[in-house]
Amino acid sequence: MGQFMNPVLLISALCSLVYTATVSSGGFPGRWAIKALSVAVLALLVRRNPRLVAGLLFGAVGDALLEASPALFTSGLIAFLCGHIAYIAAFWKAGVRRTPWAVIAAIAIFALAFTAWLWPALGPLRIPVAVYVAALSTMAASSFRTGAFATAGALLFLASDSMLAADRFITTLPAAGYAIWLTYYAAQLLIAGQFSFLGGTNARRA
């Protein structure tokens, strides 16, 4: 139980709670910093793993950009893309098993179908979004090489970004702000946890 009293986890959870509590109110000046800090501090849990540190910090930068202004969507997308590339490298380094072909096929089919669904509404963002979906899907598939917590986190990441894209480009989803944030935060927490307080020896050696 003591591991869950880790100061890093407490700071991260507190920042996440503050952000969650203000999702429906429109927020306050500087909320972007609270959102980014909730993920950025998790890098301290995996500080000996530069790939995971990069993944978390790029995610925090993406959070800050998306929260700061809708006009920074493409910049945020690039930051998250870099984060996924870092996670892919970490998962391959830590991998102790192969991703089943059935999993690869299922994720690929989902990625292609989801991109096709979004395509007419994407306009000039078609290529950037297609590249991003490819990286996100590769990250999710690569997570199966590690442990159950990282895999669950990667799949939650996939779900969160899918909801974000559907809400932004296709239709307004009910309680989207809460659903997108909570699945995303849980994703980052589980990935960091796999390689620190939740994972075994093999998972931590990435």
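Only heavy atoms go into these numbers, but all of them, side chains included; no hydrogens, no water, no symmetry mates. Residue numbers count from 1 along this sequence.
In terms of heavy-atom proximity, A111 sits nearest to V133 at CB-CG1, 3.8 Å. Counting all heavy atoms, side chain and backbone alike, L57 lies closest to A43 at CD2-CB, 4.1 Å. When every heavy atom of P50 is checked against every heavy atom of R48, the shortest pair comes out as CD-O, 3.5 Å. The two residues P128 and P124 come nearest to each other via the heavy atoms CD-O, 3.9 Å. In terms of heavy atoms, A90 sits closest to L52 at CB-CD2, 3.7 Å. The two atoms that bring S142 and W92 nearest to each other are OG-NE1, 3.1 Å, heavy atoms only.
The shortest distance between side-chain heavy atoms of T183 and Y178 does not fall below 4.5 Å. The shortest distance between side-chain heavy atoms of K35 and W181 falls below 4.5 Å. With a 4.5 Å cut-off on side-chain heavy atoms, D161 and I180 do not count as touching. Counting heavy atoms from C-beta outward, F149 and I191 have side chains that stay 4.5 Å or more apart. Here the side chains of F114 and L136 are not in contact, with every heavy-atom distance at 4.5 Å or above. In this structure, the side chains of L164 and F169 stay at 4.5 Å or more apart for every pair of heavy atoms. Looking only at side-chain heavy atoms (C-beta outward), I85 and C82 stay at 4.5 Å or farther from each other.
In this structure, S196 contributes its side chain and A192 its backbone to a donor-acceptor pair below 3.5 Å. Between the side chain of T99 and the backbone N or O of A141, at least one donor-acceptor pair lies under 3.5 Å. Within the 3.5 Å criterion, the main-chain N or O of L158 finds a donor-acceptor partner in the side chain of S162. Of the possible polar contacts, none joining the S12 side chain to the V39 backbone as a donor-acceptor pair under 3.5 Å is found. Distance alone, capped at 3.5 Å, is enough to place a donor-acceptor pair between the T22 side chain and the Y19 backbone. For the pair D167 (side chain) and L173 (backbone), a donor-acceptor distance under 3.5 Å is present. Looking only at distances, no side-chain donor or acceptor of T115 sits under 3.5 Å from a matching main-chain atom of L112.
Interatomic distance, I88 CD1 to S137 OG, rounded to the nearest 0.5 Å: 9.5 Å. To the nearest 0.5 Å, atom OG of residue S143 and atom CG of residue L155 are 5.5 Å apart. Here CG of L125 is found 7.0 Å from CZ of R168. Values are rounded to the nearest 0.5 Å. Atoms CD1 and OG, from I34 and S16 in turn, are 10.5 Å apart once rounded to the nearest 0.5 Å. Rounding to the nearest 0.5 Å places OG1 of T74 at 10.5 Å from CG of L65.
Within the structure, the salt bridge (Lys or Arg N to Asp or Glu O under 4.0 Å) test picks out no pair touching residues 72-84 (sequence neighbours left out). Applying the salt bridge (Lys or Arg N to Asp or Glu O under 4.0 Å) test to residues at least two apart or on different chains, none of the pairs has a partner in residues 173-188. Identified under the salt bridge (Lys or Arg N to Asp or Glu O under 4.0 Å) test for residues 8-31, with sequence neighbours left out: R31-E67. Applying the salt bridge (Lys or Arg N to Asp or Glu O under 4.0 Å) rule to pairs touching residues 14-28 yields nothing, sequence neighbours excluded.
H84 has its ring centre less than 6.0 Å from the ring centre of F157.
Of the N and O atoms on the side chains of W32 and S69, not one donor lies less than 3.5 Å from an acceptor on the other residue. Side-chain contact check for Y184 and D63: at least one donor-acceptor pair (N or O, by modelled atom type) lies under 3.5 Å.
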Q: With side-chain contact (heavy atoms from CB on, under 4.5 Å) as the test, would you mind laying out the steps for L10 and N6 before giving the verdict?
A: CA-CA 6 Å; L10 293 176; N6 184 307; over 6 Å; no

Q: Begin with the C-alpha distance, continue with both residues' side-chain angles, and end with the deciding distance and a verdict on side chain to side chain donor-acceptor pair (under 3.5 Å) for Y185 and T20.
A: CA-CA 10 Å; Y185 177 70; T20 302; over 6 Å; no

**Q.** Chi angles and distances behind the side-chain contact (heavy atoms from CB on, under 4.5 Å) call for F80, Y132
**A.** CA-CA 8 Å; F80 280 114; Y132 181 81; 3.6 Å; yes

(Q) Please determine whether side-chain contact (heavy atoms from CB on, under 4.5 Å) holds for the pair L45 and L9, giving the CA-CA distance in whole Å, both sets of side-chain angles, and the decisive distance to 0.1 Å. (A) CA-CA 9 Å; L45 298 175; L9 291 176; 3.7 Å; yes

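Applying the 6.0 Å contact sphere to CH2 of W119 captures more than 12 heavy atoms from other residues, nucleotides or ligands.
Each of L42, V46, L44 was scored for a side-chain contact (heavy atoms from CB on, under 4.5 Å) with V53, with one residue passing: V46.
By the salt bridge (charged side-chain N to carboxylate O under 4.0 Å, His left out) test, R145 is found to be paired with no residue, residues two or more places apart in sequence or in another chain being considered.
Figure legend: cation-pi geometry between R51 and Y87 absent, as NZ or CZ is not positioned both under 6.0 Å from the six-membered ring centre and within 45° of its axis.
Taking a 4.5 Å side-chain heavy-atom cut-off between Ile, Leu, Val, Met, Phe, Trp and Tyr, the cluster of I104 extends to W101.
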